[in-house]
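Reading through the structure tokens given below for one structure.
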Amino acid sequence: MAAAATSAATTIPKPSAHLSSSSRSSISISRFTLPLSLNPQKTIPHRSLHISNAVSKPTTPAPSSSSTSTTTRQESPPRFSPDEARKGADILVEALERQGVTDVFAYPGGASMEIHQALTRSPIIRNVLPRHEQGGVFAAEGYARASGKPGVCIATSGPGATNLVSGLADALLDSVPIVAITGQVPRRMIGTDAFQETPIVEVSRSITKHNYLVLDVDDIPRIVSEAFFLATSGRPGPVLIDVPKDIQQQLAVPNWNTPIKLPGYMSRLPKVPNDSHLEQIVRLIFESKKPVLYVGGGCLNSSEELRKFVELTGIPVASTLMGLGAFPVGHELSLQMLGMHGTVYANYSVDKSDLLLAFGVRFDDRVTGKLEAFASRAKIVHIDIDSAEIGKNKQPHVSVCADVNFALQGMNKILESRNAKSKLDFRAWREELNEQKSKYPLKYKTFGHAIPPQYAIQVLDELTNGNAIISTGVGQHQMWAAQFYKYKRPRQWLTSGGLGAMGFGLPAAVGAAVANPGAVVVDIDGDGSFIMNVQELATIRVENLPIKIMLLNNQHLGMVMQWEDRFYKANRAHTYLGDPSRESEIFPNMLKFAEACGIPAARVTRKEDLRMAIQNMLDTPGPYLLDVIVPHQEHVLPMIPSGGAFKDVITEGDGRTKY
Amino acid sequence: MTNAVLKVSASISEGNGNAAPVTHSVPAFTSSKVQWHTISVFVGDESGIINRIAGVFARRGYNIESLAVEDISKEPQVERELMLIKLNVDPSTRPEIMWLVDIFRGKVVDTSEHTLTIEVTGDPGKMAAVLRNLSKFRIKELSRTGKIALRRERMGETAPFWRFYAASYPDLESTQPGDVFSSNRANNFAGNSNGSTNGSTISSSKGDVYPVEPYDDYSVNQVLDAHWGVLYDDDSSGLRSHTLSMLVNDSPGVLNMVTGVISRRGYNIQSLAVGPAEREGLSRITTVIPGTDESIGKLVLHLHKLIDMHEVRDITHMPFAERELMLIKIAVNTAARRDVLDIASIFRAKAVDVSDHTITLELTGDLNKMAALQRLLEPFGICEVARTGRVALVRESGVDSAYLRGYPLPL
């Protein structure tokens, strides 16, 4: 829609892929060799930063990098001599290169054309053109979630910028590092309600970690390095940079040595955890009989340490939706997900525990239900990088504001020195939980030939051997994907948790596939969520990304329908997404969407055919859409209604019964 | 339902201050015409209103005049600002400082061995002069309110003022503000009872996507009270007014960012004062927010997350010197002027403007003093009141008379 601004809307866009993909293989390494003089850590030598969830300082120079780097440098001579004046947009793009950016998700428009022009001059950065700015920002999120590196998306002013809003809010709630760049009308027109003007800095203020309006071309190097530093350090989050068009066009000589200026923020970054606090936690573990770990998205960068901690202590692990994969779901000590749609045994363990070790979590209402009843018998230990989360909802007995990774390292050291492995014995507690596991396993029923959606995910898990990167939309299919796929490692599970943004799955899969070429990426989607960003099928085709879409199509807005069944006497209030005049047919015909974009697709309706169809989907090279027709009566179970406690858990029933 | 009208000139003059950097950075367009405009805005008493106003200023950059309800910068006016300065002193410099304080008609509000806290009021020019003269003694902390202004009255006009006829003074019996509040209460009550009837019809959906609470429990606490809703002592719930002192980057939109956090998290601002701090490029925001110790503690943590924030301190539980500046215009004819001036002298208020039908007084002090003076002058008819927010600095002497109450004095 941003293209409407420019008269160029009708011209056929240059296929950007060939330029970038050809040079891409050599480039992915070359970024390590760039003079990273802006590495923020260097500017403040007096304190060591413990950037946590932060990412990927280019730490792993491949052994071959020295040889390749010389060649790449020869291939791409610097576009400008150091003291040559260049456009602000070129400075911006070079600043991105210096941050190690190799892929951006950018949709052009009147106020961001300059940036796109500069992008075509970059030999390093490849643009994946989304078909909607929301797709771009979700793809950047998928990229960041799957790789741990900050994702970058670019949009134009006005509608382009406002289309980023959902993605920014999502990234803030799920602490995903992304940098969003928006064009803005020229400075002199700001505040005049100019064409395609929105005050995006104002709009996004409360849904970004920080944002910038660039008012001086000389600030670009500093602002970009600050933005990347802010996005990735401490508790990660989205940062927005708004660049007026006249600044993009202004000629300047960049000074790459401007230091970042974040004194207040720097002084508040969490320090190394205090050993005495960690000692105290270890003492609590030794005193406890029924400890349980409650791990979340904060643990995604510390799965090694977490594993070691669990091995040393033998404490069972319950994971939040965001934390899935931080600890392997298939492990015998894993209790899988807790919370509203968590397993009975995970919630049982928290309810009965006498020590709750909450690492990298925020006591979200989807997890706790009724706050007073949550872990009411337990002492609570809370470790989080964000001091504002500690005590926000639930008062901990011991709290440490630090990077979970450092805290776990410290505790592992203490546990080893105390020979914890032989001294700690939680066998009775594990027995008790195993009993619950066998009593209340995750289960579903089969009716005739109909395909239970849970079964489809189970089959996918088997056929991919639990190794695929899974993205989802929001709703019933999301919860089933969280329950029935056995995630082995972190960053394998991409979902919109805090915000619950429908339409997240397909673009996030785009980002994940761009970040992980060669990996199996499956978008488990619902029919409602899929159609919200269905336009990204075009992106997938054009970029030839090997994304498999497994659509659990029940013709309904399933999660809302489930609430209607339970609490509104099954009165359907606009939750039927098919064509009411022809209920017997599947509407819309998703296969036609795929066909329009040249993506192979198939539909499966019988349980017997499902395994074959999924195998076929995985075997087909490139993208594929599998439309799995599932009954709409299925409910996500177990379920604790909101504001409820463990005793309110519902384990039976579906849309076939009346309530 | 509109509540008592209050005037927030303090935040407005900060708006001017905020706009300045923007205009600096784009000198090509505007430098020839840049002028500081003083704008006073009357706003309804609702949660988040200050944030909305700050948002308007930040969003529009330097383009603010168009938004003014009434632009009085072209009229003759009385401008005043209040400043609290904490200075480093030692015995050798003390006499000179005292001499300067005397010259500028400042007042010493707190003294300790090595520091001296001074209160100065005046127009912007005087403030600049004070700072220039005191800067050589190393200013330790500085808290400014930002400027407030009232229009000077011309001779021979009549003063329109709220609810009173200019010709006759009302008698003392009927206190008007009380009426306003009682009617508000009634409205609130009606609103609540409406809510609960709604609640009962859909109470079957208890435990929905979000937990449903009975509507009666959710009472809106009208704490943003232009009058004297300040809570000095804990009431039973632990609710009291907390004074927060923050140091922030002096960058465009920073006020909006701070007030945004406050309103977004459901807090209310009772008072807000913004002004340049002791160091170049920093501003000090002093704000008063009602809440419990616990809830304010959480707010402080959230404020800490702001990138432009340097420091937040809740100084409620420390001894601190607190001052506020009020300009008040009273409708008096020549006959009654003497009475007003008598009251003014008791409060050590200064007359800054006089005409045949009004008199404008300037008063500094803490909140109770403001309240007392305003109550006493109410019968004469108050045309306009402009108050800065409160500014506060921690007392280095460590003594606050409030803390001494309840202790027997040694004889």
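Just so it is clear, the structure is predicted and the values come from calculations on it, not from any experiment. Lettering of chains follows the sequences in order, A, B, ..., and the numbering in each one begins at 1.
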Next item on the list: Tell me yes or no: between the side chains of A:Thr162 and A:Thr198, is some donor less than 3.5 Å from an acceptor?
Entry: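 The criterion, which ignores hydrogens and geometry beyond distance, is not satisfied for A:Thr198 and A:Thr162.
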Does a side-chain N-to-carboxylate-O contact under 4.0 Å join [X] and [Y]?
{"X": "B:Glu278", "Y": "B:Lys86", "answer": "no"}
{"X": "B:Glu311", "Y": "B:Arg279", "answer": "no"}
{"X": "A:Arg572", "Y": "A:Asp565", "answer": "yes"}

Margin query: Taking side chain as everything from C-beta outward and backbone as N, CA, C, O, which of these in B:Leu306 sits under 4.5 Å from a heavy atom of chain A? Side chain, backbone, both or neither.
Written below: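 Contact with chain A involves the backbone of B:Leu306 alone.
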Given heavy-atom pairs under 4.5 angstrom as the criterion, report whether the side chain, backbone, both or neither of [X] touches chain B.
{"X": "A:Leu230", "value": "side chain"}
{"X": "A:Asp386", "value": "side chain"}
{"X": "A:Gln395", "value": "side chain"}

Item checked: Contact winner vs chain B - A:Glu389, A:Lys261, A:Arg268, heavy-atom pairs under 4.5 Å -> A:Arg268
Next item on the list: Verify the ring-centre separation between A:Tyr265 and A:His210: is it less than 6.0 angstrom?
Entry: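 Judged by ring-centre distance (under 6.0 Å), A:His210 and A:Tyr265 do not meet the cut-off.
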